[in-house]
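Report on one structure; see the data block that follows.
Below, read A as the first sequence line, B as the second, and so on, with proteins coming before strands; counting in each chain starts at 1. Atom set for the values below is all heavy atoms of this structure, side chains included, hydrogens, waters and symmetry mates excluded.
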Amino acid sequence: MKRIICLLFLVFLFLFPLAFFASAQQGAVSTEKVVIRVLSYTSEPTKTVQEEIFAEYDKANENIELQVDRVPFNELYRKIAISVASESPYDVIYVDGPLTKNYAYNNIIIPLNEYFTEEELSDFLPASINEGSFNGNIYSIPERQSATAIIYNKKYLEEAGITPPSKLEDAWTMNEFLEVLKQVTQRDENGRVTRWGLTQMSKYRVYSDYSFIRSNGSDENHPTFLGISPDGSTVSGYLDHPDTIEALKFWQDLHQVYKVIPTQQSPSMFENGLSVFYQAAGTSVGKLNKEYPDIEWGIMPQPYFKTPIVHTGSFHWGVSAKSKYKNQAVDFVKYITNPENATKLHLAVQQIPARRSVLDNVKTYESYPMKVYKESMKEWGEPRTQTVAFREYEDIMLKMLKDIILGANVEERVVLTVKDINAVLSKY
Amino acid sequence: MLIRKVSLWILIIIMMIICVAPFAWIMGASFKSEEEIFSSLYSISVYTFIPKVFTLDNFVQIFKVINFGKSILNSLIVAVSVTVSVLFVSSLAAYSFARISFPGRDFIFSLLIATLFIPFEVSMLPMYLVSKSLHLYNSYLAMIIPWIGQPFGIFLLRQFFLNIPRSLEDAAKIDGCSTLGIYWHVILPNSKPPMITLGLIQFLWSWNSFYWPMIIMEDPSKQVIQVALASLMDPEYLRWGWLFAAVTVSCSPVIIIFFILQKYYVKGIALTGMKA
Amino acid sequence: MRKPILRKNKILIAYLLIIPAASLIFIFKIVPIFISFRYSFYNYNILLPMDKEIIGFANYLNAFSDPVFYNSLKVTFLFTVLKIIFQIIPCFFIALLLTKKIKGIGLLRSAILIPTVTSLVVVSIIWNFMYNPHNGLFNLLLTSIKLSSQPFLTSPKQALFSLLGMMIWKDTGFITILFLAGLQEIPDVFREAAIIDGANKFQMLFRVTIPLLKRTTLFVVMITTIWSFQVFTPIYISTKGGPMFSTNTLVYYIFERGFIYMDMGYAMSLSVILFFIIFGIGLIQRRFIRADFEY
């Protein structure tokens, strides 16, 4: 009996080294093919289209094998950080545009100037190139662009007898918008809102909420409009400017005093008829077309206080600094962002293409309502705060916007935020 | 007397409702269509819990679109492997601590138990770095091996082994049984209840684990169920119906297993409370 | 003559038996602690691992002058103390209830354990929806009886208590069973003696039962403390430390510093501090248990 126990025990002890070998084998790369590891995200409809495009590349290139990992959008940054920290990074990374500078600074992605000609780069929109650049070098190649506009429920507005503007020059001011919102928000006998005025594609974020705030700058050089000093070293005098505070208070009132915007959203509120207006980028249109064809909607330009502005920027692709197959990785990036695939992506996702040639060729923006998106981007489009510290910046801003929307004292909260942001900025 | 009994029962029923209602709400909602979920949010009625129109669509979708079935399989693989290994490894160690006196025994035991005090979230990154340097990464083994050393298991089994009557062992010794023989012939056969208990607790713990699989497993096809659930909260494509269906699917087996093996689970908790 | 060899053999076997478990625990639980001690003295940006540099006690000095750190201590302690009070008292009485021989009482026992066996991810998601300030189940119930909707997780005043409610609900099963086991361990002899002495229900409760549960109660307090210090998943899923830092527990703050702000050195120093706090509390509580003796 003892023998058997001993034997079992020894077998078990040996299992450990075997296990290590096994797991090492699992990670082993077949020597014939070059393996390109790609990191992207899980959101649809992007995921499906990307998978199609990737599959074609895989087929067309026999000596390349693609290994694609996907994570939810919120996890993307941390995933990249973890993989870098442990020396087994990806070759090709999906980069949220404004984070390019952060990745570049941290040597996560490489400059791509030597792989692209002037001509190749000139097809991309200048705003996109700017977003994907750092210190004069291009680091990430744009997959698409974006802008926000307000989608509205035609039926509800007809019922209320309201005609929203369809052209940029007729866009409402925030005060006019407030009046409309007050009119269309409906409540039941208990005082609970049954139909909200405005919901948003994303909430508390710089992309969605902060563009409203910035519009309170009297012109494009006003501190409120800029949001950060031109040299990127401080937000004092910008974020805490009286006009910014005024706008933040107005935004807070929309949630707390007039209660026309919900402080917390449920998914797909607009699509389910629970709101009248919906601030969204192109992807939401794609979603509406595909899944909620029964809703009649229109698009109007985003309202503003004094100076019209919408935020732009979308996803880019970068090549990892630690990649062993940089040439192949760049080749892959070139393929997935080429005009043909950019068109494919656009048609599926309904987001503004980053390539001029595609933008001019697609019929999507030829007429109303989609025209509003293109025009908004062209006339009013501003990138989000360009800073190396964007990751931390966005997180601090998110907390501030959320706290303000939930009723915090605006001046005090802004003071705290300015302190935090400046501390982060000084690190770089 | 009757009034007392009735009011007691009312209290009991209220408590049971409080415990079960949230699950009932979510499970009921998982059988509703997306539109009905929203429309039922405005007034309390029996339809808050029961669908007007019963639909399996949410369940179908999560298995089709996000391959939820694979997540379930992955969780099973990980949970079963960890559980079996923990039972084996912990029982060996627990036996040694309980029945053999060797130098450093109490010190080593206290040291191992002290590790229970460390919040996982705190040791996560260094643990990750250690794991990677051992090439345990992005594989099922990576999700399994770090958890086989389970101090709670050693603690639980040691408690139990200490209480096995020495007379059984003495009888075996007289019959010429060796140390290991005692383990095999005496301790183990008499330990079915705590083994089942530990197995159950460990299985549930592994099934419910979230943070470690999320950071160590990058391949979504090998990802476990809790992580798949969390990713459904992705605001860009969140659908309540799917989320509710996924929640229902992930906690139903747990609840069913629990009902079957209730007795053992309760014993396990009780044993934790017994300090030698 | 045989004895020494056998004894050596036995000791060898003893070590062999504990090696698999001990080595795994050592590698994956003990070594990481040392690593975090080490890196707490570094300025470690995990995106630039090559650039890490030793900065001595700077991280610790920063921690001690960091108002958010003190806030997180406050939040964590507040949560822990409240959890102990509001968990133990109801669970004790439910356990008492469970000892009564009422038919079907087992159903209650099963019911309270269901939240315990469910994953924290699932529970957090469900309660997040129930607490929804506009459409959640709770507000639905409140408005249907003509009370006003509550902000719950969206209010700095209510958020921590909302999380507390959820965690108490989840842990009730476990804690109640602990009390139940403790109650069942008390030999009937004591109760019988008390009855003979003419004790009534209240006296029985306060002078016999509760004192005899001291050991169990202390154990419950210890476990609740440790668990409360570890609260993370619900905060990660619903409030992310807000609103207004009201749910910014120490563990969540550590996670945020390390993984969102990439300041791993600082995060490690905070976790070292946390480790000592828990260790200290654990030691104090152990003293109480040791000081108690068998009845």
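With hydrogens and angles disregarded, a donor-acceptor distance shorter than 3.5 Å links the side chain of C:Trp169 to the backbone of B:Ile18.
Among C:Gly106, C:Ser23, C:Ala267, C:Pro115, the residue making the largest number of heavy-atom pairs under 4.5 Å with chain B is C:Pro115. Annotation: maximal heavy-atom pairing with chain C below 4.5 Å, among B:Ser96, B:Pro151, B:Pro146, occurs at B:Pro146. With chain C as partner, the option from B:Val130, B:Val254, B:Leu204, B:Ile255 having the largest number of non-hydrogen pairs under 4.5 angstrom is B:Val130. Listed options B:Phe258, B:Phe210, B:Trp9 were ranked by heavy-atom pairs under 4.5 angstrom with chain C; first place goes to B:Phe258. The most heavy-atom pairs under 4.5 Å with chain B, out of C:Ile105, C:Leu250, C:Leu113, C:Leu270, come from C:Leu113. In terms of non-hydrogen atom pairs under 4.5 Å with chain B, the most contact-rich of C:Ile126, C:Ile35, C:Leu107 is C:Ile126. Annotation: maximal heavy-atom pairing with chain C below 4.5 Å, among B:Thr115, B:Leu11, B:Val20, B:Val86, occurs at B:Thr115.
Interface residue C:Ile278: backbone and side-chain heavy atoms are both found under 4.5 Å from chain B. Within the 4.5 angstrom heavy-atom criterion, no atom of B:Ile17 approaches chain C. For B:Ser90, no part lies under 4.5 angstrom from a heavy atom of chain C. Proximity to chain C is limited to the side chain of B:Ile26, based on heavy atoms less than 4.5 angstrom apart. Proximity to chain C is absent for every atom of B:Trp205, based on heavy atoms less than 4.5 angstrom apart. For a residue to count as touching a neighbouring chain, one of its non-hydrogen atoms must lie under 4.5 Å from one of that chain's; by this rule C:Asn139 does not touch chain B. With a threshold of 4.5 angstrom between heavy atoms, C:Leu97 approaches chain B through side-chain atoms but not through N, CA, C or O. C:Ile94 touches chain B through its side chain: at least one heavy atom from C-beta onward sits under 4.5 Å away, while N, CA, C and O do not. Of the two parts of B:Trp207, neither the backbone nor the side chain holds a non-hydrogen atom closer than 4.5 Å to a non-hydrogen atom of chain C. Proximity to chain C (any heavy atom under 4.5 Å) is shown, for B:Ser209, by neither the backbone nor the side chain. Contact of C:Ile33 with chain B is made through the side chain alone, with heavy-atom distances under 4.5 Å. Using a 4.5 Å cut-off between heavy atoms, C:Val117 contacts chain B through both its backbone and its side chain. The parts of B:Ser101 that come within reach of chain C are both its backbone and its side chain, each placing non-hydrogen atoms under 4.5 angstrom from that chain. Heavy atoms closer than 4.5 Å to chain B are found in the side chain of C:Tyr236, but not in its backbone.
You'll find the side chain of C:Tyr15 reaches within 4.5 Å of the side chain of B:Pro103, heavy atoms only. Residues C:Ile18 and B:Phe97 meet the side-chain proximity criterion, which asks for heavy atoms closer than 4.5 Å. A 4.5 Å side-chain heavy-atom check between B:Asn208 and C:Val121 finds every atom pair outside the cut-off.
Once rounded to the nearest 0.5 Å, the distance linking CD1 of C:Ile125 with CG of B:Leu243 reads 5.0 Å. Note that NZ of C:Lys29 is 5.5 Å distant from CD of B:Gln150, once rounded to the nearest 0.5 Å. For the atom pair OG of C:Ser119 and CD1 of B:Ile225, the computed distance is 9.0 Å after rounding to the nearest 0.5 Å. To the nearest 0.5 Å, atom CG of residue C:Leu16 and atom CG of residue B:Leu92 are 10.0 Å apart. Here the CD1-CD1 distance, from B:Ile113 to C:Ile25, works out to 7.5 Å after rounding to the nearest 0.5 Å. Atom-to-atom distance recorded for B:Met16:CE and C:Ile114:CD1 is 8.5 Å, nearest 0.5 angstrom.
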What do the steps show when you test B:Cys251 against C:Thr118 for side chain to side chain contact (heavy atoms under 4.5 Å, CB included), and what is the final call?
CA-CA 6 Å; B:Cys251 60; C:Thr118 328; 3.5 Å; yes
Hey, mind stepping through C:Phe28 and B:Leu134 against side chain to side chain contact (heavy atoms under 4.5 Å, CB included) and telling me if it holds?
CA-CA 11 Å; C:Phe28 291 105; B:Leu134 295 170; 4.1 Å; yes
Step by step, work out the side chain to side chain contact (heavy atoms under 4.5 Å, CB included) result for C:Ile112 and B:Met15.
CA-CA 8 Å; C:Ile112 60 174; B:Met15 282 194 284; 5.8 Å; no
Please lay out, stage by stage, how B:Gln226 and C:Val122 fare under the test side chain to side chain contact (heavy atoms under 4.5 Å, CB included).
CA-CA 8 Å; B:Gln226 303 298 335; C:Val122 165; 4.1 Å; yes
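Pairing each heavy atom of C:Met268 with each of B:Pro126, the nearest pair is CE-CD, 4.1 Å. Minimum interatomic distance between C:Ala111 and B:Cys19 (heavy atoms only, all atoms of both residues): O-CB, 3.4 Å. Closest approach of C:Ala14 and B:Phe102 over heavy atoms only: CB-CD2, 3.4 Å.
Checked against the 6.0 Å centroid criterion, the rings of B:Trp25 and C:Phe138 do not qualify as a close aromatic pair.
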